[in-house]
Amino acid sequence: MFKWQGRIDNEDGLEGLRWHQKVDEHAYRESGDLTSVNNSDKRATIDNTVTLVGFESDLGVAFNKGRTGAAAGPNAIRQALSNLPWHWPNTSFTDLGNVTAVDNLAQAQTQYADAISYALKQHTGFTIGLGGGHEIAWGSYQGLFNTKPENARIGIINFDAHFDLRKPALNTSSGTPFRQVYDHCQLHNTPFYYACLGVSKAANTAALFNFANVSNTRYLTDMALNDESLCMQRIDELLSPMLKEIDALYVTVCLDAFSAAQAPGVSAPSALGISPTLVINTLHFLAQHQSTYGYQWRLCDVAEMNPNYDIDSRTAKLAARLIFEAVDAVFSSRI
């Protein structure tokens, strides 16, 4: 169990609070661990709540022939979040702890999906998954799917150097989650709304680009997003048609979307990558356009945090800043 702790500025009173001082771990202690979360819990609904759920897994990374170590990612991100200031006085913060994948990835993903569903049902706030390999995405999607109204349409935006649309071979992996989502949509006869921002032509085979086109995946390459004068216009043009058609949005950030200089602590470091500022601007764009286009954004996760290869906690601090900005974007848009 992670111990939240950090700097305390008593002289500033409530305006000096930090994340470690706001966190409520009651739900975690109450259940013992997330494998025993009871979805029939009748605790009161709280609208303005930030909830963390960790997924300690690098089984999918191993199955994808990557560098393991991401199972330690959730607590590394928590450590980087601990000392950040808390700027939302009317918002509460709950940490539900971690689901751990030991040797059965599918079972762990189901348990994590149950925890996400639990969090989404408790309140209309904002739930954040902490990875862990990008196999977290299949669990996040299932958690959202299991709580949505029957005919609601889910859209996914993935900041990533990789499509993660691989066809599962012997095992599903960190490279297959959005192929699994595509297959799930086909099974349920629902549209596949998926956009990948920052995809690298140098990191995806022709087969993956072909499937992206066949599946109507929307995407912008890392090269297209390195033109600062046009990148937000391109993102608006790519995403707005999809945002107008969906009811629920799930955003996932793979830390290998950024350059190795900014995010060395990942399984597959990027030589080029995209700008963190661009991602932050897009997060605010997505929060601000909820009322314009009529969708709800209540779920986000950050994936591929691998402390084994991090340098001076750069990657963990970047992950924490992105989470901070996502929370700020969502709750500022509600004012």
Side-chain angles (χ1 to χ4, degrees), residues 1-6 19-20 23 25 28-29 32-35 51-84 94-113 115-116 127-140 159-162 164 171-175 177 252-258 260-270 300-324:
M1 177 177 171
F2 179 78
K3 183 178 181 181
W4 287 89
Q5 57 187 348
W19 283 56
H20 74 91
V23 66
E25 299 173 276
Y28 180 88
R29 294 196 299 269
D33 61 69
L34 282 177
T35 61
T51 302
L52 299 184
V53 184
F55 188 50
E56 292 181 315
S57 173
D58 54 18
L59 291 179
V61 176
F63 292 147
N64 200 31
K65 305 174 185 177
R67 304 189 299 179
T68 58
N75 286 349
I77 297 173
R78 286 186 176 93
Q79 187 63 52
L81 284 168
S82 291
N83 264 336
L84 294 185
T94 300
D95 182 6
L96 295 183
N98 296 322
V99 169
T100 303
V102 179
D103 52 21
N104 187 322
L105 178 56
Q107 182 181 63
Q109 286 169 316
T110 298
Q111 292 169 345
Y112 168 76
I116 292 295
T127 298
I128 303 167
L130 307 177
H134 215 169
E135 59 265 32
I136 192 176
W138 175 232
S140 291
F159 296 94
D160 203 333
H162 307 90
D164 288 347
N171 297 289
T172 61
S173 72
S174 60
T252 178
V253 181
C254 183
L255 292 166
D256 68 24
F258 307 100
Q262 296 166 319
V266 297
S267 172
S270 292
C300 179
D301 62 40
V302 177
E304 297 291 341
M305 175 66 230
N306 188 333
N308 289 355
Y309 299 97
D310 209 1
I311 301 171
D312 295 331
S313 300
R314 290 179 204 168
T315 317
K317 290 177 180 177
L318 176 58
R321 180 59 186 268
L322 294 169
I323 291 169
F324 178 95

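FYI, side chains are in, hydrogens and waters are out, and symmetry mates aren't considered; it's all heavy atoms of this structure.
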Exam field: side chain [X] to backbone [Y], donor-acceptor pair closer than 3.5 Å:
X	Y	value
Asp310	Thr315	yes
Asn64	Gly66	no
Glu304	Leu255	no
Arg67	Val266	yes
Arg314	Gly265	no
Gln109	Glu135	yes

Between His162 and Ser174, do the side chains contain a donor N or O and an acceptor N or O under 3.5 Å apart?
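Ser174 vs His162: no donor-acceptor pair found between side chains.
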
Closest contact, heavy atoms only, [X] versus [Y]:
X	Y	value
Ala316	Ala76	CB-O, 3.8 Å
Pro269	Ser267	CD-O, 3.6 Å
Ala263	Leu318	CB-CD2, 4.2 Å
Thr172	Phe63	O-CD1, 3.4 Å
Gly69	Asn308	CA-ND2, 3.5 Å
Phe55	Pro74	O-CG, 3.6 Å

With side-chain contact (heavy atoms from CB on, under 4.5 Å) as the test, would you mind laying out the steps for Tyr112 and Val53 before giving the verdict?
CA-CA 8 Å; Tyr112 168 76; Val53 184; 3.7 Å; yes

Ala161 meets the side-chain contact (heavy atoms from CB on, under 4.5 Å) criterion, sequence neighbours left out, with Ser200, Asp256, Ser270

Give the intermediate values and the outcome of side-chain contact (heavy atoms from CB on, under 4.5 Å) for residues Phe2 and Val23.
CA-CA 12 Å; Phe2 179 78; Val23 66; over 6 Å; no

Starting at [atom1] of [X], measure out to [atom2] of [Y] and round the result to the nearest 0.5 Å.
X	Y	atom1	atom2	result
Ile77	Leu130	CD1	CG	5.0 Å
Trp19	Asp95	CH2	CG	10.5 Å
Glu56	Ile136	CD	CD1	11.0 Å
Asn83	Gln5	CG	CD	9.5 Å
Thr68	Leu59	OG1	CG	10.0 Å
Leu81	Ile323	CG	CD1	5.0 Å

Check the pair His134, Thr252 against side-chain hydrogen bond (donor to acceptor under 3.5 Å, both in side chains), reporting the backbone distance first and the verdict last.
CA-CA 9 Å; His134 215 169; Thr252 178; 2.8 Å; yes

Heavy-atom side-chain proximity of Asp312 to Lys317 below 4.5 angstrom:
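No; the side chains remain at least 4.5 Å from each other.
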
For Asn75 and Asn98, run side-chain contact (heavy atoms from CB on, under 4.5 Å): C-alpha distance rounded to whole Å, both residues' side-chain angles, the deciding distance at 0.1 Å, then the answer.
CA-CA 9 Å; Asn75 286 349; Asn98 296 322; 3.3 Å; yes

Under the criterion side-chain contact (heavy atoms from CB on, under 4.5 Å), I'd like the reasoning laid out for Gln107 against Leu105: C-alpha separation, chi angles, the key distance, then a yes or no.
CA-CA 5 Å; Gln107 182 181 63; Leu105 178 56; over 6 Å; no

Asp58: what forms a side chain to side chain donor-acceptor pair (under 3.5 Å) with it, not counting sequence neighbours?
none

